[in-house]
Amino acid sequence: MLQVWGRETSSNVQAVMWCIGELGLDYQRYDFGHHFGGLDSDAFYQLNPNRTIPVLQDDDHAPLWESGAILRYLASRYAPETFWPEEIFARCEVDRWAEWAKVSVVSLFTQPIFWQLVRTPADERDLPAITRAIDRFESKLAIAD
Ligand SMILES: N[C@@H](CCC(=O)N[C@@H](CS)C(=O)NCC(=O)O)C(=O)O
């Protein structure tokens, strides 16, 4: 069975859990990271020397880290026809949107929209910067539409 280390409020953990859900796989998830702690232990270092979540272990295989690599592992092992096709151009079509979402879209959302609106007190927020960032973010999302 799949084991996942990582709190469910982490966007990178959410990407992995979303994929596991789409594939209908059994899993056990453990709350690690942020206020749950656990990343500083020697045991966690053995799972991921970066001390970040998510980490995935499938049966007795070596633990995997980096959410993008975990997604590609799950897709190629459990849904090679649909999520990670053999045919190179079909695979590239999947891969480029996955890469685009992680690198181009998430980065525009995280800085500064998420940090400003979620992690910054209201009276310290830079509203013009947030507005500009939302415009850039929406133009990027329009590409997906
Ligand atoms: N590039 C890594 C980033 C991993 C990462 O930075 N994870 C964050 C959560 S999204 C983390 O471990 N934060 C420390 C914590 O939650 O305590 C990946 O995609 O897996």
Side-chain angles (χ1 to χ4, degrees), residues 1-86 88 90-122 124-126 129-145:
M1 187 175 63
L2 298 175
Q3 298 181 85
V4 179
W5 285 259
R7 58 189 164 85
E8 59 186 358
T9 49
S10 148
S11 58
N12 288 312
V13 173
Q14 287 167 1
V16 169
M17 299 314 296
W18 186 1
C19 184
I20 290 172
E22 291 284 342
L23 297 174
L25 303 172
D26 289 333
Y27 67 90
Q28 177 93 46
R29 188 184 58 76
Y30 311 112
D31 279 324
F32 270 67
H34 203 41
H35 59 270
F36 294 102
L39 306 186
D40 293 334
S41 70
D42 291 343
F44 192 83
Y45 182 84
Q46 299 305 315
L47 291 171
N48 181 1
N50 298 284
R51 300 194 185 281
T52 56
I53 50 169
V55 175
L56 177 131
Q57 188 162 23
D58 192 355
D59 294 328
D60 293 331
H61 300 291
L64 298 176
W65 36 265
E66 279 301 328
S67 55
I70 293 172
L71 293 176
R72 287 188 285 275
Y73 165 79
L74 291 170
S76 53
R77 175 154 193 201
Y78 293 106
E81 298 296 317
T82 48
F83 279 34
W84 200 245
E86 183 75 24
I88 191 74
R91 179 182 300 181
C92 187
E93 181 68 5
V94 174
D95 194 18
R96 73 169 169 182
W97 285 110
E99 193 72 5
W100 175 84
K102 187 167 176 57
V103 176
S104 302
V105 176
V106 170
S107 57
L108 280 180
F109 176 72
T110 309
Q111 287 285 359
I113 301 171
F114 171 81
W115 279 98
Q116 281 282 321
L117 291 177
V118 179
R119 295 283 165 85
T120 304
E124 293 174 25
R125 288 178 192 155
D126 182 346
I130 296 171
T131 304
R132 286 194 301 276
I134 289 173
D135 285 347
R136 283 197 303 274
F137 184 54
E138 286 185 339
S139 346
K140 194 59 94 173
L141 291 181
I143 294 171
D145 288 340

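Owing to the predicted nature of the structure, the values given are computational and were not obtained by experimental measurement. In what follows, every heavy atom counts, from backbone to side chain, and hydrogens, waters and symmetry copies are set aside. Read the numbers this way: they start at 1 and go in the same order the structure lists the ligands and their atoms. Each residue takes its place number in the sequence, starting with 1.
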Which atoms from ligand 1 have a heavy atom of [X] less than 4.0 Å away?
| X | result |
| --- | --- |
| Leu39 | 14 (C), 15 (C), 17 (O) |
| Pro54 | 20 (O) |
| Gly33 | 15 (C), 16 (O), 17 (O) |

Atom pair CZ (Arg29) and CZ (Arg7), whose distance is rounded to the nearest 0.5 Å
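One finds 10.5 Å between CZ of Arg29 and CZ of Arg7.
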Which distance, rounded to the nearest 0.5 Å, do you find between the OG1 of Thr120 and the CD1 of Ile130?
7.5 Å
Using modelled atom types only, decide if a donor and an acceptor are shared between the side chain of Ser139 and the backbone of Asp135 within a distance under 3.5 Å.
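Between the backbone of Asp135 and the side chain of Ser139 there is a qualifying donor-acceptor contact (under 3.5 Å).
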Nearest protein heavy atom to [atom], by residue and atom, and its distance?
| atom | value |
| --- | --- |
| atom 6 (O) of ligand 1 | Thr52 CG2, 4.0 Å |
| atom 2 (C) of ligand 1 | Glu66 OE1, 3.4 Å |
| atom 5 (C) of ligand 1 | Ile53 O, 3.5 Å |
| atom 3 (C) of ligand 1 | Asn12 ND2, 3.6 Å |
| atom 19 (O) of ligand 1 | Ser67 OG, 2.6 Å |
| atom 13 (N) of ligand 1 | Arg7 NH2, 4.0 Å |

Is the charged tip of Arg96 near the ring of Trp100: under 6.0 Å from the six-membered ring centre and within 45° of its axis?
no
Please confirm whether [X] comes within less than 3.5 Å of ligand 1 when only nitrogen or oxygen atoms on both sides are compared.
| X | answer |
| --- | --- |
| His34 | yes |
| Lys102 | yes |
| Ser10 | no |
| Ser11 | no |

Would you check if there is a donor-acceptor pair between the side chains of [Y] and [X] at a distance under 3.5 Å?
| X | Y | value |
| --- | --- | --- |
| Tyr27 | Asp58 | no |
| Thr52 | Asn48 | yes |
| Trp18 | Gln14 | no |

List the steps and the verdict of side-chain hydrogen bond (donor to acceptor under 3.5 Å, both in side chains) for Glu93 and Trp97.
CA-CA 7 Å; Glu93 181 68 5; Trp97 285 110; 3.3 Å; yes
Quick one, Ser67 with Lys102, criterion side-chain hydrogen bond (donor to acceptor under 3.5 Å, both in side chains). Give me CA distance, side-chain angles, the key distance, then yes/no.
CA-CA 10 Å; Ser67 55; Lys102 187 167 176 57; 3.0 Å; yes
